[in-house]
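Notes for the one structure printed next.
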Amino acid sequence: QTLFFSATLSDEIHKIGSKFVMNPKIIEVSKPASTADTVSQRLIWTDTRKKRGVLRDLLRTEAVQNAVIFCNRKRDISTLMSSLQRHKFNAAALHGDMTQSARLAALKDFKDGVVPLLIASDVAARGLDIPLVSHVFNFDVPTNAEDYVHRIGRTGRAGRTGSAFTIAATNDDKRYLEAIEKLIGVSIELHNTDDKSQEKATVSDKQTEQSDKSETATVKADTSQNNS
């Protein structure tokens, strides 16, 4: 008897499975692309330039024990990590360009509670099994609707409750969200932000805003030099 287990069952996985099993019986614990009832999903609309501030405000005001923060691009992971660290947040990165030893070290620090914030790419976080993640933050709206399901599945595991926040800012984000909501069959509820807490966070952030802008300019300059 041959048993084939997979956390997801995409067309690619079906093709691989067909090479090893004949007329298989498929047993599913939940319907495809479903999200757990234990995960509270919230959506925040903002301006692209204000996304970092919104994320910092959420990290300060929500009861975050630890969190996985998702970015769509690897270079944005490093930029966001540097920004959060300047604002006194303890964060580590996890993406495909890191060496295996560096990835394992980052995961160990996150699992052990040494680093409470893990900024990750979709590929690097696939199969990530850490049962005590309290929050997931989509700093970028995933371009693939199924990635949203995988992302927020990092929290609310093993019957525990969790929270997932998605930060949206562009017309493309609106299109991605429409595909996500169609896939999961649920409208993501808008999050009501506390104006007073945002004002307080804005005041505390003024000292480091300029360094954030400088870093962004540096990243763009480096990119232009690399392209040339």
Side-chain angles (χ1 to χ4, degrees), residues 2-21 33 36 39 51-52 55 59 64-158 160 162 164-167 212 215-216 218-223 225-227:
T2 300
L3 301 178
F4 183 78
F5 295 92
S6 176
T8 57
L9 209 58
S10 62
D11 291 339
E12 291 79 4
I13 297 297
H14 272 295
K15 290 178 182 178
I16 295 173
S18 65
K19 296 180 181 179
F20 301 98
V21 293
V39 180
K51 286 175 65 175
R52 293 182 196 174
L55 176 62
L59 292 173
V64 179
Q65 298 174 7
N66 58 0
V68 181
I69 304 169
F70 285 98
C71 293
N72 288 346
R73 298 184 298 182
K74 288 177 285 188
R75 71 176 186 181
D76 292 339
I77 292 175
S78 299
T79 302
L80 181 59
M81 182 182 69
S82 297
S83 175
L84 287 175
Q85 288 174 342
R86 280 196 306 277
H87 287 271
K88 310 304 180 184
F89 290 100
N90 191 3
L94 184 71
H95 57 76
D97 284 348
M98 297 169 61
T99 63
Q100 180 70 4
S101 59
R103 290 198 298 270
L104 291 175
L107 280 174
K108 185 178 187 303
D109 286 345
F110 185 65
K111 288 181 178 180
D112 293 345
V114 177
V115 176
L117 303 177
L118 187 66
I119 309 172
S121 64
D122 290 299
V123 174
R126 282 291 178 96
L128 191 64
D129 186 17
I130 303 175
L132 297 177
V133 175
S134 69
H135 286 69
V136 165
F137 296 98
N138 291 313
F139 183 75
D140 295 318
V141 180
T143 59
N144 187 318
E146 290 185 358
D147 285 337
Y148 176 84
V149 178
H150 295 307
R151 287 183 181 188
I152 71 169
R154 300 311 98 198
T155 187
R157 300 171 73 84
R160 298 179 178 87
F165 290 85
T166 298
I167 303 172
D212 270 352
E215 182 184 0
T216 301
T218 301
V219 170
K220 289 182 178 179
D222 290 342
T223 304
Q225 290 176 1
N226 291 335
N227 290 338

Using 0.5 Å steps for rounding, measure from the [atom1] atom of [X] to the [atom2] atom of [Y].
{"X": "Lys111", "Y": "Leu107", "atom1": "NZ", "atom2": "CG", "answer": "6.0 Å"}
{"X": "Thr155", "Y": "Ile130", "atom1": "OG1", "atom2": "CD1", "answer": "11.0 Å"}
{"X": "Ser121", "Y": "Arg151", "atom1": "OG", "atom2": "CZ", "answer": "9.0 Å"}
{"X": "Ser82", "Y": "His87", "atom1": "OG", "atom2": "NE2", "answer": "11.0 Å"}
{"X": "Asn72", "Y": "Asp147", "atom1": "CG", "atom2": "CG", "answer": "8.5 Å"}
{"X": "Asp122", "Y": "Lys74", "atom1": "CG", "atom2": "NZ", "answer": "12.0 Å"}

Kindly give the heavy-atom pair with the smallest separation between [X] and [Y], and that separation in Å.
{"X": "Phe139", "Y": "Cys71", "answer": "CD2-SG, 4.0 Å"}
{"X": "Ala120", "Y": "Ile77", "answer": "C-CD1, 3.6 Å"}
{"X": "Ala92", "Y": "Val115", "answer": "N-CG1, 3.5 Å"}
{"X": "Gly156", "Y": "Val39", "answer": "CA-CG2, 3.9 Å"}

So, for Tyr148 and His150, is the gap between ring centers shorter than 6.0 Å? no
From the list Ile69, Val68, Leu94, side chain to side chain contact (heavy atoms under 4.5 Å, CB included) partner of Ile119 resolves to Ile69
With Asn66 as reference, evaluate Val133, Leu117, Leu118 under the side chain to side chain contact (heavy atoms under 4.5 Å, CB included) test and give the passing residue. Val133
Backbone N or O of [Y] within a donor-acceptor pair of the [X] side chain at under 3.5 Å?
{"X": "His95", "Y": "Asp97", "value": "yes"}
{"X": "Ser83", "Y": "Thr79", "value": "no"}
{"X": "Asn90", "Y": "Gln85", "value": "no"}
{"X": "Asn144", "Y": "Glu146", "value": "yes"}

Trace of the side-chain contact (heavy atoms from CB on, under 4.5 Å) decision for Phe165 with Leu55: CA-CA 9 Å; Phe165 290 85; Leu55 176 62; over 6 Å; no
Do [X] and [Y] make a side-chain contact, defined as non-hydrogen atoms from C-beta onward lying under 4.5 Å apart?
{"X": "Asp140", "Y": "Lys51", "result": "yes"}
{"X": "Pro116", "Y": "Gln65", "result": "no"}
{"X": "Ile167", "Y": "Val141", "result": "no"}

